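Here the structure is laid out as structure tokens; the discussion comes afterwards.
Note that the coordinates shown come from a computational prediction; the quantities given were computed from them, not determined experimentally. When a residue number appears, it is its place in the shown sequence, counting from 1.
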Amino acid sequence: MTDTNKAIVILEATFNPNGMHTPEFKEYSRRSNANGEAHGGVVLSKYQVTDNLGDGETPHMILIIEYPSQEQARQTFINKEYQSILSLREIAFKAVRIFQTNSQIV
């Protein structure tokens, strides 16, 4: 049986040109990872997108992160620490979409 209290976060990101190679990306990545771990987040999978078989813009990467609860996932992205690194994210990324789900498959 699936634990419906857990949350799965799917993060879809598209880099700015050369964004992956900036000091801002390195700092954002370090602080974002530490923030997520502090809230119980565990990266389950990390993918480089190679092709878009559907519609819309193609992201560069997708991360799948599990959190112990919906609230811990939410707090990861609304807390002061994460908000303080958004300016770094804007330099490195063209777009970041963050989806919160429950761990239950429908």
Inset, instruction - Determine, step by step, whether Gln48 and His60 satisfy the side chain to side chain contact (heavy atoms under 4.5 Å, CB included) criterion, reporting the C-alpha distance in whole Å, the side-chain angles of both residues, the deciding distance to 0.1 Å, and the verdict. - result: CA-CA 6 Å; Gln48 178 183 1; His60 292 119; over 6 Å; no

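A donor-acceptor pair under 3.5 Å is formed between the side chain of Thr101 and the backbone N or O of Ile8. A side-chain donor-acceptor contact under 3.5 Å links Asn79 to the backbone of Gln75. For the pair Gln72 (side chain) and Ala7 (backbone), a donor-acceptor distance under 3.5 Å is absent.
Using a 4.5 Å heavy-atom cutoff, the side chains of Arg31 and Ser84 are in contact.
Not a single side chain to side chain donor-acceptor pair (under 3.5 Å) links Gln83 to another residue, sequence neighbours left out. Considering only residues two or more places apart in sequence or on other chains, Ser45 meets the side-chain contact (heavy atoms from CB on, under 4.5 Å) condition with Tyr47, Ile64. Here Asn33 pairs with Ser29 under the side-chain contact (heavy atoms from CB on, under 4.5 Å) rule; sequence neighbours left out.
Applying the 4.5 Å side-chain rule to ILVMFWY residues, one finds Val9, Leu11, Phe15, Met20, Phe25, Tyr28, Val43, Met61, Leu63, Ile65, Tyr67, Tyr82, Ile85, Leu86, Leu88, Phe93, Val96, Ile98 in the same cluster as Phe77. Clustering of Ile, Leu, Val, Met, Phe, Trp and Tyr side chains at separations under 4.5 Å leaves Ile78 isolated, with no partner residue.
Rounding to the nearest 0.5 angstrom, the gap separating the CD atom in Glu27 from the CZ atom in Arg89 is 15.5 Å. One distance of note links OG1 of Thr76 with CD of Glu37; it measures 10.5 Å at 0.5 Å rounding.
Listed by first and then second residue, the side-chain hydrogen bond (donor to acceptor under 3.5 Å, both in side chains) pairs that reach into residues 11-24 are Glu12-Arg97, sequence neighbours excluded.
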